[in-house]
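We count ligands from 1, going down the list as the structure has it; atoms in each ligand are counted the same way. Just so you know, these numbers use all the heavy atoms, side chains as well, and skip hydrogens, waters and symmetry mates.
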Amino acid sequence: MIKVSGLKKSFGDLEVLKGIDQHVCKGEKIVLIGPSGSGKSTFLRCLNLLETPTEGEILIEGESITAPKTNVNKLREKMGMVFQHFNLFPHLSVIENITLAPIKVKKKNASDANKKAIELLNIVGLSDKANSYPGQLSGGQKQRVAIAGVVAMEPKCIVFDEPTAMLDPNGRKEVIATAHDLNKKKGVTIILITHYMEEVVDADYVYVMEKGKIVMDGTPVSYTHLRAH
Ligand code: ADP
Ligand code: MG
């Protein structure tokens, strides 16, 4: 699904990504960990051209996104993104937040978009909040609405950049369970940046990033593999 070769990114004199070679297969759940400032966000932002790579190639479903003819909007529909801060419009209701992009960008008709939004609210466990406003929701609920909004665009892959950083433990659990369900039940490919070890355990692969390079990758050993003494 994603193939990254020789990816480098500099900001002025500062080389933030120093040559990344990785691939992600369809339906996988990848977790990216590493110290602050190691380039995790920059890496993921390159995947949907929120940052322009300085060197290297990124293929998504076989298409080079670094080619000049790339349709950036189409690419971003394919590669949804969820950030730390909840990207919701405060003056729109939950359901309006979810249907906005499908109606405006995908030109869906309002009734189809609404039907789909209700289905998605069900999936993220918020069917009773359709007519609430973001200000009336907890952090975990807001983030789940944001996720439903991203899923409404039917992306192949969702990139999560510390989606639980602003949340309390309960909110974190809700959001991680939602992401996990999307991956397992809907086959959405997921790449997640996190600092929380408990969010790493059920990944298919973990990448460890340090100083602009991926220095380790492998499958996480879950606690269930440890034997008590
Ligand atoms: P992480 O997500 O791992 O904490 P980032 O990718 O956000 O790391 O940042 C890596 C480095 O790149 C940091 O030193 C940061 O200051 C720098 N950086 C990120 N974005 C920019 C930018 N737009 N301009 C200049 N420097 C940046
Ligand atoms: Mg970051």
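Looking only at side-chain heavy atoms (C-beta outward), R76 and L50 come within less than 4.5 Å of each other. Residues F43 and M209 form a side-chain contact, since some pair of their non-hydrogen atoms from C-beta on lies under 4.5 Å apart. Using a 4.5 Å cut-off on side-chain heavy atoms (C-beta onward), I214 and Q22 make contact. In this structure, D161 and V82 have side chains that are not in contact, with every pair of non-hydrogen atoms separated by 4.5 Å or more. Taking the side chain as every heavy atom from C-beta outward, E77 and V105 approach each other to under 4.5 Å.
Close contacts between ligand 1 and P35 involve ligand atoms 3 (O) [criterion: under 4.0 Å to a heavy atom]. Here is the list of ligand 1 atoms found below 4.0 Å of a heavy atom in S36: 4 (O).
Between E51 and ligand 1, no N or O atom pair is found at a separation short of 3.5 Å. Of the N or O atoms in V16, none lie within a sub-3.5 Å distance of an N or O in ligand 1. Of the polar atoms of G39, at least one N or O is found under 3.5 Å from an N or O of ligand 1, judged by distance alone.
Distances from atom 7 (O) of ligand 1 to the heavy atoms of S41, C46, G12, S38 put S41 nearest.
For atom 21 (C) of ligand 1, the nearest protein heavy atom lies closer than 4.0 Å. Counting protein heavy atoms under 4.0 angstrom from atom 16 (O) of ligand 1 gives zero.
Taking the side chain to side chain donor-acceptor pair (under 3.5 Å) definition, one finds that S64 meets it with T66, sequence neighbours left out.
Both the backbone and the side chain of T42 come within 4.0 Å of ligand 1, counting heavy atoms alone.
For the side chain to side chain contact (heavy atoms under 4.5 Å, CB included) with P102, the qualifying choice from M153, K116, E154 is M153, the only one to do so.
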